[in-house]
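For the numbers below, each heavy atom of this structure counts, side chains included, while hydrogens, waters and symmetry mates do not. Note on naming: letters A, B, ... go to the chains in the order of the sequence lines (proteins, then strands), and numbering restarts at 1 for each one.
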Amino acid sequence: MATLKSSANPTARALIAWYDRHHRKLPWRTTPTMAAKGLRPDPYHVWLSEVMLQQTTVQAVKAYFAKFLSRWPTVDDLAAAPNEDVMAAWAGLGYYARARNLKKCAEVVSGTHGGVFPDTEEGLRTLPGIGDYTAAAIAAIAFDRQAAVMDGNVERVISRLHAIDAPLPGSKPEMKRHVAAMTPAERPGDFAQAMMDLGATICTPKRPACALCPFRGECLALEGDDPERFPVKAAKKEKPVRQGAAFVAVSGDGLILLRRRPEQGLLGGMTEVPTTGWTARMDGETGVTAAPFPAEWQPAGTVTHVFTHFELRLSVYRAGPLSLPSGVHGFWEPVTKLDGLALPTVMKKAIVQAIPNAFPTNKG
DNA sequence: GACGCGTGGTC
DNA sequence: TGACCAAGCGT
């Protein structure tokens, strides 16, 4: 793993030297040694990991990455998979539009590009679910392109390095210019991953380990003695509380009533138990009177779940064992086979509230 | 440019 | 313990 040529800027050289010693070993990566020899990671692996990592921690992604690769070893396999299988495999990871776009993207790459990913930032940028960050990351990491990669980690590093007082997201273009100016022609993929590793392990949001940082001699935020002040961000809005009811109906032979949510919007395309609308106030029609069918609905407690932009308090009602009512919208599934379904976490919570042992393999 | 969009970990 | 945050994207 040769250090960068002296023609590269000294900041990038210092970072790459740090990365060669301290890089994280992750399942979707090749080592710097391999990268330096020109060995590239599989673009399918890079793409899959990058999409999963959007707003999601490395720890949470690892198991999902392994499961997807095991089940769909190539982009063609994923393209050929049923939507429902992909949504079920993604269940629990959140931001389900990513899974819908993942499937669409696989279909385009497999059907239109012969199973080969575009090898430029511009080409990648046209694919579903691939935005500015992901296009640059795949281009740099998988195809050795000199692309400026900027995610939340990089924003933090850059904002501190230059002590940028202007708040995000307005300051993004300025930061992007700094990243582009730093990015070397040699090993741009390792440079990008090094910036992100630095942000994740040294230049952390709280209590950064500045003494160990390869930029400690040139960091303006450290010089100003308060690195934690950066990045400056616009104030965020407070989260409203919404309320609703969820109905867990179980038949005499152990079937539970489920529905599929609309493709668009919150939890789009995922499976749910019947619920009322989720509104600011619990009034009139939003209570037990809005059950999917008449039955002796018993209160089973409440579940609280925090989404990105609101907090949900669900009153859970249970009915059963009962004989299957007719004319009910939805489908009935064995309570013993819920694990294979596309149930988002909030719905698992509601089901567990009514049926404590519904997911015996999970904590509960 | 602002908003909608999940979840689990951390302190 | 509640607030913050994590390899953002689409509209």
Side-chain angles (χ1 to χ4, degrees), chain A residues 23-24 26-29 45-65 87 90-102 104-105 124-142 147 149-157 167-173 176 179 189 192-201 203-207 228 231 233-242 261-270 272 278 304-312 342-349 362-363:
Chain A
H23 64 90
R24 291 180 291 175
L26 300 171
W28 44 86
R29 279 188 176 171
H45 296 192
V46 175
W47 163 70
L48 181 60
S49 66
E50 288 300 343
V51 173
M52 287 183 167
L53 285 162
Q54 289 164 6
Q55 294 288 285
T56 307
T57 58
V58 164
Q59 181 56 33
V61 164
K62 283 180 177 174
Y64 285 86
F65 179 76
M87 297 310 289
W90 195 277
L93 200 53
Y95 285 135
Y96 298 99
R98 293 185 297 171
R100 301 195 293 273
N101 285 327
L102 189 82
K104 286 182 200 160
C105 182
L124 290 159
R125 185 66 179 80
T126 67
L127 295 168
I130 298 186
D132 288 340
Y133 161 77
T134 305
I138 298 174
I141 297 169
V149 176
M150 190 170 76
D151 73 330
N153 287 305
V154 178
E155 288 171 0
R156 190 165 54 252
V157 172
L168 284 167
S171 52
K172 249 180 159 175
K176 186 79 173 271
V179 178
Q193 294 179 95
M195 287 287 277
M196 294 189 279
D197 275 20
L198 188 72
T201 64
C203 195
T204 50
K206 303 295 179 189
R207 299 173 56 88
E228 275 190 27
K233 295 186 178 181
K236 49 190 66 171
K237 306 188 341 182
E238 80 175 281
K239 269 177 200 184
V241 175
R242 297 187 198 172
R261 291 178 63 85
E263 289 299 316
Q264 304 292 329
L266 184 73
L267 308 177
M270 299 296 283
E272 67 173 358
W278 302 341
T304 296
H305 189 80
V306 181
F307 290 96
T308 310
H309 53 298
F310 67 93
E311 176 182 325
L312 177 64
L343 284 166
T345 297
V346 61
M347 293 301 159
K348 288 188 176 182
K349 282 188 190 176
N362 301 343
K363 68 175 193 294

For [X] and [N], what is the distance between atoms [atom1] and [atom2] respectively, to the nearest whole Å?
X       : N       : atom1 : atom2 : value
L343(A) : dT7(B)  : CG    : C1'   : 15 Å
E50(A)  : dA7(C)  : CD    : P     : 11 Å
K239(A) : dT7(B)  : NZ    : P     : 12 Å
Y133(A) : dA6(C)  : OH    : P     : 13 Å
K236(A) : dG4(B)  : NZ    : P     : 15 Å
Q59(A)  : dT10(B) : CD    : P     : 8 Å
R98(A)  : dG4(B)  : CZ    : P     : 19 Å
K349(A) : dT7(B)  : NZ    : C1'   : 8 Å

Which nucleotide in [options] has an atom nearest any side-chain atom of [X]:
X       : options                 : result
Q55(A)  : dT7(B), dG8(C), dC5(B)  : dG8(C)
T308(A) : dT7(B), dC5(B), dC9(C)  : dC5(B)
D151(A) : dA7(C), dG6(B), dA6(C)  : dA7(C)
N101(A) : dG10(C), dC5(B), dC5(C) : dG10(C)
K233(A) : dA6(C), dC9(C), dG8(B)  : dA6(C)
Q54(A)  : dA7(C), dC9(C), dT7(B)  : dC9(C)
L266(A) : dC5(B), dA7(C), dC5(C)  : dC5(B)
R156(A) : dG8(C), dA7(C), dT7(B)  : dA7(C)

Nearest 0.5 Å, please: how far is CD in Q54(A) from CG in D151(A)?
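One finds 11.0 Å between CG of D151(A) and CD of Q54(A).
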
Any idea how H45(A) and F65(A) line up, ring-wise: parallel (<30°), tilted (30 to 60°), or perpendicular (>60°)?
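The arrangement is perpendicular - the two ring planes meet at more than 60°.
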
On the nucleotide [N], are OP1 or OP2 found under 4.0 Å from the side-chain N or O atoms that [X] carries?
X       : N       : value
T345(A) : dG8(B)  : yes
H305(A) : dT7(B)  : yes
R207(A) : dT10(B) : no
H309(A) : dG4(B)  : no
Y96(A)  : dT7(B)  : yes

Is the number of heavy atoms from other residues, nucleotides or ligands under 6.0 Å of K172(A) NZ greater than 12?
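Open.
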
Checking all strands, does [X] fall into the base, sugar-phosphate, or nothing category for heavy-atom contacts under 4.0 angstrom?
X       : result
G92(A)  : sugar-phosphate
I141(A) : nothing
W90(A)  : nothing
R100(A) : nothing
I130(A) : sugar-phosphate

Verdict with supporting geometry, H305(A) and F307(A), ring-ring contact (aromatic ring centres under 6.0 Å, His included):
CA-CA 6 Å; H305(A) 189 80; F307(A) 290 96; 4.8 Å; yes

Nearest heavy atom decides the nucleotide; on that basis, is V346(A) or G170(A) closer to the 5' end of DNA chain B?
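First, find each residue's nearest nucleotide; the 5'-ward one identifies G170(A).
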
Is there, by distance only and without an angle test, a donor paired with an acceptor across the side chain of T56(A) and the base of dG6(B) below 3.5 Å?
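Such a pair is found, so the answer is yes.
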
Distance to the ring centre below 6.0 angstrom and angle to the axis at most 45 degrees; does that hold for R125(A) and W47(A)?
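Here R125(A) fails the 6.0 Å and 45° test against W47(A).
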
Between [M] and [N] - [atom1] atom distance, rounded Å:
N       : M       : atom1 : value
dC11(B) : dA7(C)  : P     : 15 Å
dC5(C)  : dT1(C)  : C1'   : 16 Å
dA6(C)  : dG6(B)  : C1'   : 12 Å
dG1(B)  : dG10(C) : C1'   : 13 Å

Counting distance only, does the side-chain N/O of Y64(A) pair as donor-acceptor with the main-chain N or O of A91(A) below 3.5 Å?
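Checking the backbone N and O of A91(A) against the side chain of Y64(A), a donor-acceptor pair under 3.5 Å is found.
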
For T134(A) and T57(A), take the nucleotide of DNA chain C holding the closest heavy atom to each; which residue's nucleotide lies nearer the 5' end?
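Looking at DNA chain C, the more 5' nearest nucleotide goes with T57(A).
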
Which atom pair, heavy atoms only, marks the closest approach of E50(A) to T134(A)?
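Scanning both residues completely, I find the closest heavy atoms to be CB-CG2, 4.0 Å.
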
